[in-house]
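See structure below.
Predicted model only: the values in this text are computed from it and were never measured. Position 1 is the first residue of the sequence; numbering continues from there.
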Amino acid sequence: QVQLVESGGGLAQAGGSLRLSCAASGRTFSRYTMGWFRQAPGKEREFVAAISWSIGSIYYADSVKGRFTISRDNAKNTMYLRMNSLQLEDTAVYYCAARNSILISTTDSSYDYWGQGTQVTVSS
C-alpha cells in the first residue's frame, strides 16, 4: 500500500517557478514508477511527467519538456516536480501517482495510487 501527499502548489506569475513535492508512505517506494498528472477545469486529466524506480527512465509530455523537471529521492520517499517558465495553460490541479511497475506509463488508468492533488494557478 502506498499513500501519496502533494504539496507546494500555489499562485505564480507567468514566467515564474514552483516546485511540487509528493511524499509517499510505504516501504517499497523505490520499486514504484511515479508520475505527475494534471487536470485543468473542464478538461480531462493529462500526463505531465514520470520517473521509474531506478531513476533510469524519465519521460515528459511535450507541453512541459524543457520547462519541468521531475526527480525523486528514494531515501526521503519523496518525488518532486520543478516547474520553470510557467505558462497560463499550466494552471491545473496537479496529482502525483504511483504504479507498481518499473515501466513508465502515460496512461492514468495504469497507476495504482493517487494523491489528493494540489492547485497550481499561473497568472499574467
Side-chain angles (χ1 to χ4, degrees):
Q1 187 76 12
V2 175
Q3 293 182 332
L4 306 172
V5 179
E6 303 97 334
S7 61
L11 179 64
Q13 288 189 327
S17 300
L18 285 173
R19 190 181 78 160
L20 305 183
S21 299
C22 174
S25 64
R27 297 180 180 178
T28 59
F29 173 73
S30 63
R31 299 180 182 179
Y32 283 77
T33 290
M34 305 291 293
W36 288 99
F37 289 78
R38 67 186 182 186
Q39 187 167 21
K43 295 187 177 181
E44 294 186 352
R45 187 162 55 190
E46 65 174 0
F47 170 79
V48 175
I51 185 167
S52 72
W53 72 274
S54 65
I55 313 185
S57 298
I58 291 176
Y59 191 77
Y60 296 97
D62 287 343
S63 58
V64 305
K65 198 174 296 182
R67 301 188 297 120
F68 290 9
T69 302
I70 189 172
S71 62
R72 64 190 288 170
D73 185 336
N74 287 345
K76 296 182 178 180
N77 280 3
T78 302
M79 177 179 65
Y80 305 96
L81 184 69
R82 177 68 179 181
M83 305 185 294
N84 294 330
S85 302
L86 284 165
Q87 302 170 356
L88 297 179
E89 46 269 36
D90 294 320
T91 295
V93 177
Y94 284 71
Y95 299 90
C96 70
R99 67 190 299 257
N100 190 3
S101 172
I102 63 172
L103 299 177
I104 285 178
S105 172
T106 63
T107 304
D108 58 359
S109 60
S110 67
Y111 285 77
D112 305 299
Y113 304 99
W114 292 84
Q116 83 289 350
T118 185
Q119 176 70 47
V120 170
T121 303
V122 182
S123 63
S124 59

Above 12 or not: heavy atoms from other molecules or residues under 6.0 Å from CD of E89?
yes
Between D108 and R45 the two heavy atoms that sit nearest each other are OD2-NE, 3.3 Å
I'd like to know if I58 and M79 are part of one continuous hydrophobic network [Ile/Leu/Val/Met/Phe/Trp/Tyr, side-chain heavy atoms within less than 4.5 Å]. yes
Here the gap from Y32 atom OH to S101 atom OG, rounded to the nearest 0.5 Å, amounts to 11.0 Å
When every non-hydrogen atom of Y80 is compared with those of D73, the smallest separation belongs to CE1-CB, 4.2 Å
| task | State yes or no: do Y113 and I104 share one hydrophobic cluster built from I, L, V, M, F, W and Y residues joined by side-chain heavy-atom distances below 4.5 Å, directly or via other members? | result | no
Kindly say whether S25 contributes a backbone atom to a donor-acceptor pair with the side chain of Q3 at under 3.5 angstrom? no
Taking every heavy atom of L81 against every heavy atom of V48, the minimum-distance pair comes out as CD2-CG1, 4.1 Å
Is it the case that the side chain of T91 and the backbone of V122 share a donor-acceptor pair, with hydrogens and angles ignored and the cut-off at 3.5 Å? yes
Interatomic distance, CE@M83 vs CH2@W36, rounded to 0.5 Å, equals 8.0 Å
Quick check: is L86 connected to L20 through a chain of hydrophobic side chains (ILVMFWY, heavy atoms under 4.5 Å apart)? yes
Y111 and M34 have their tightest heavy-atom pair at CE2-C, 4.3 Å
To the nearest 0.5 Å, atom OG of S123 lies from atom CG of L11 at 4.5 Å
Point to revise | Within 6.0 Å of NZ in K65, more than 12 heavy atoms from elsewhere | key: yes
OH of Y95 to OG1 of T118, rounded to nearest 0.5 Å, is 10.0 Å
Short question: side chain of E6, backbone of G117 - any donor-acceptor pair under 3.5 Å? yes
Here the gap from T121 atom OG1 to L88 atom CG, rounded to the nearest 0.5 Å, amounts to 11.0 Å
- Query: Within a radius of less than 6.0 Å around CD of E44, do more than 12 heavy atoms belonging to other residues, nucleotides or ligands occur?
  - Reply: no
* Any donor and acceptor pair, going by atom type alone, linking the side chain of S105 with main-chain N or O of T107 inside 3.5 Å? -> yes
To the nearest 0.5 Å, atom CG of N77 lies from atom CG of L4 at 10.0 Å
Closest non-hydrogen contact found for L18 with V120 is CD1-CG1, 3.9 Å
Start with the C-alpha gap between D112 and V2, add the side-chain angles, then the distance that decides, and say whether side chain to side chain contact (heavy atoms under 4.5 Å, CB included) holds.
CA-CA 9 Å; D112 305 299; V2 175; over 6 Å; no
Q.
Under a 3.5 Å distance rule, please check whether R67 uses its side chain to pair with a backbone N or O of S85 as donor and acceptor.
A. yes
Is the Y94 ring parallel, tilted or perpendicular to the F68 ring (thresholds 30°, 60°)? tilted
Residues R38 and A92: closest non-hydrogen pair is CB-CB, 3.8 Å
